Amino acid sequence: MTAPRATDGRRRIVVVGGGQNCEHEVSLASAKAVAAALDADRYDICSLTIGLDGAWRDAGTPDQASLPGGAAAAMARIDAADVVFPAVHGPRGEDGSLAGLCEVAGVAYVGSGVRAGALAMDKWATKLVAGALGIETAPGILVTAGSGDLATSGLTPPLVVKPVAAGSSRGVTRVDGRHQLGDAIRSALDFDERALVEELVLGREIDVAVLDWPNGTRLVGPPLEIRVDAGGLFDTQRKYDGTAEFLIPADLTETKRAALASAASALFDALGCAGVARFDFFVTRRGVVLNEVNTMPGMTEQSQVPKMFAAVGLTYPELLDVLVEGALARHHSRSGSQPGSCPPSNHAASGGSDMVRWREHLATTA
């Protein structure tokens, strides 16, 4: 049975969290934060959770019982949405899977489409795209369970081994001696059928976020530096135990800021990203080196992307509004119809004046 749309003028937003991957708990946190921060006066919010078992559940019920009818019932709710907010990180979500579901349903959705999600989730494919753009990545090779002896690979420790398609640094290992390589590869292959073996890049870890403004212009957020202990990796433990320090804006020269913004924007376009994406770089003595791309980055208020845009005056609820409005604008553009409400067309993608105009827009459409 199709869930009815709100009849009080509010837009129906379906927030999807969870997922069948190692980032399940992180995705639950993002989805819960998004649903809580969306303005209930403007949006009729429905929350769905994909369990580790693949079952769809109503996150709004105390016991989160599986939906009668399973995926078919979930599709009915998605079909009744004005916008779907797929806050699912990792495979079977961020990799274009949920975008594809929304495309088939003909429903507007937040974030990148199928192609961008699939390419960016595949770290090897991302390296190839970056290389074609002249953006440096760490020297590395692709391995599988059947790759055999890597002694002739030409790579020497220290190395980093990681799954090709996984997130939250799951399965990532630093290798300081070749005797550790086998175990590191096996650990990575627990999360994916392919793994990357890369030379360790020594440099400052800098994130850059790119946000689509609903009128088609773009806002590049201030660079964020991640500080960890000397020689350490920003691994799964440090991402969530509070020991990493975020510095916004990162203390960089204008030349380095421009190089980061240029590389992030070029990748955003080449991959075909939409909504918001986070680009993780190393800044080294030689220049900028890409680490990875996230098309559905962490989306709690304390996550990197919301923090970056908050630093230039775009609050967390306003960021979510921008993403929702952008999803509607892209959907109506593709379908040839006109969105019911869209920010003024004279937004510049440069900072302060954008925020003022966006707040004025919200005040007139609330």
Side-chain angles (χ1 to χ4, degrees), residues 23 26-27 29-31 33-34 85-90 93-96 99 110-113 116-123 125-127 129-130 133 135 137 162 165-170 172 204-213 218-228 234-236 238-240 244 246-250 252 257 259-283 288-312 314 316 319-320 322-323 326 349:
E23 293 193 81
V26 179
S27 298
S30 284
V34 167
F85 201 122
V88 176
H89 314 304
E94 186 178 353
D95 61 358
V110 168
S112 293
L119 283 173
M121 178 58 62
D122 188 313
K123 295 180 177 65
T126 301
K127 285 171 73 75
V129 173
L133 294 173
I135 298 169
T137 62
K162 64 182 75 170
S168 293
S169 298
R170 306 284 184 182
V172 177
R204 298 165 63 188
E205 295 192 49
I206 307 290
D207 292 349
V208 177
V210 179
L211 174 65
D212 266 341
W213 214 249
R218 183 171 298 164
L219 181 64
V220 178
L224 175 150
E225 181 171 6
I226 301 167
R227 291 182 173 177
V228 296
F234 188 44
D235 55 15
T236 302
R238 288 181 176 87
K239 282 187 176 181
Y240 305 114
F246 297 154
L247 179 63
I248 311 171
L252 297 166
R257 285 174 183 260
L260 287 164
S262 176
S265 293
L267 285 163
F268 195 95
D269 286 334
L271 294 170
C273 298
V276 70
R278 195 188 78 222
F279 300 85
D280 301 347
F281 295 96
F282 296 105
V283 174
V288 169
V289 179
L290 176 70
N291 183 25
E292 64 179 31
V293 179
N294 297 269
T295 55
M296 181 46 68
M299 203 49 70
T300 71
E301 190 168 4
Q302 300 307 312
S303 300
Q304 287 114 290
V305 167
K307 278 181 172 290
M308 281 187 261
F309 289 112
V312 292
L314 191 67
Y316 181 53
L319 171 62
L320 301 181
V322 170
L323 292 172

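All heavy atoms count here, side chains included; hydrogens, waters and symmetry mates do not. Model, not experiment: these values are computed from the prediction.
Within the 3.5 Å criterion, the main-chain N or O of G93 finds a donor-acceptor partner in the side chain of D95. A donor-acceptor pair is defined here as one N or O able to donate and one able to accept, closer than 3.5 Å; such a pair exists between the side chain of T126 and the backbone of L119. With K127 contributing its side chain and L290 its backbone, the two residues share no donor-acceptor pair below 3.5 Å. Under a 3.5 Å cut-off, the side chain of E225 and the backbone N or O of L247 do not form any donor-acceptor pair. Judged purely by atom type and a 3.5 angstrom limit, H89 has no side-chain atom pairing as donor or acceptor with the backbone of E94.
In this structure, the side chains of L211 and L319 come closer than 4.5 Å at one or more pairs of heavy atoms. Contact annotation: the side chain of F282 approaches that of E205 to within less than 4.5 Å [non-hydrogen atoms, C-beta and beyond]. Side-chain atoms of S303 and E301, non-hydrogen and from C-beta on, never get closer than 4.5 Å to each other. Considering only heavy atoms from C-beta on, L219 comes within 4.5 Å of F309 through its side chain. L271 has its side chain out of reach of T295: every pair of non-hydrogen atoms, C-beta onward, lies at least 4.5 Å apart.
Between I248 and M308 the shortest heavy-atom distance is CD1-N, 4.0 Å. Residues G298 and P306 approach most closely at O-CD, 3.9 Å, considering heavy atoms. The heavy-atom pair separating C273 from D212 by the smallest distance is O-OD2, 4.2 Å. Between A264 and F281, the closest heavy-atom pair is N-CZ, 4.0 Å. Considering all non-hydrogen atoms of both residues, A99 and S112 come closest at CB-O, 3.6 Å. Counting all heavy atoms, side chain and backbone alike, A250 lies closest to I206 at CB-CD1, 3.8 Å.
For the residue pair S30 / S27, no side-chain donor-acceptor distance below 3.5 Å is found, with atom types taken as modelled.
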Start with the C-alpha distance between I226 and Q304, add both sets of side-chain angles, then the distance that settles side chain to side chain contact (heavy atoms under 4.5 Å, CB included), and finish with yes or no. CA-CA 9 Å; I226 301 167; Q304 287 114 290; 3.9 Å; yes
For the pair V34 and Y316, evaluate side chain to side chain contact (heavy atoms under 4.5 Å, CB included) and give the outcome as yes or no after the intermediate values. CA-CA 9 Å; V34 167; Y316 181 53; 3.8 Å; yes
Can you list the steps and then say if V305 with D207 is a side chain to side chain contact (heavy atoms under 4.5 Å, CB included)? CA-CA 9 Å; V305 167; D207 292 349; over 6 Å; no
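Taking CG of L252 as the start and CG of L260 as the end, the distance is 6.0 Å to the nearest 0.5 Å.
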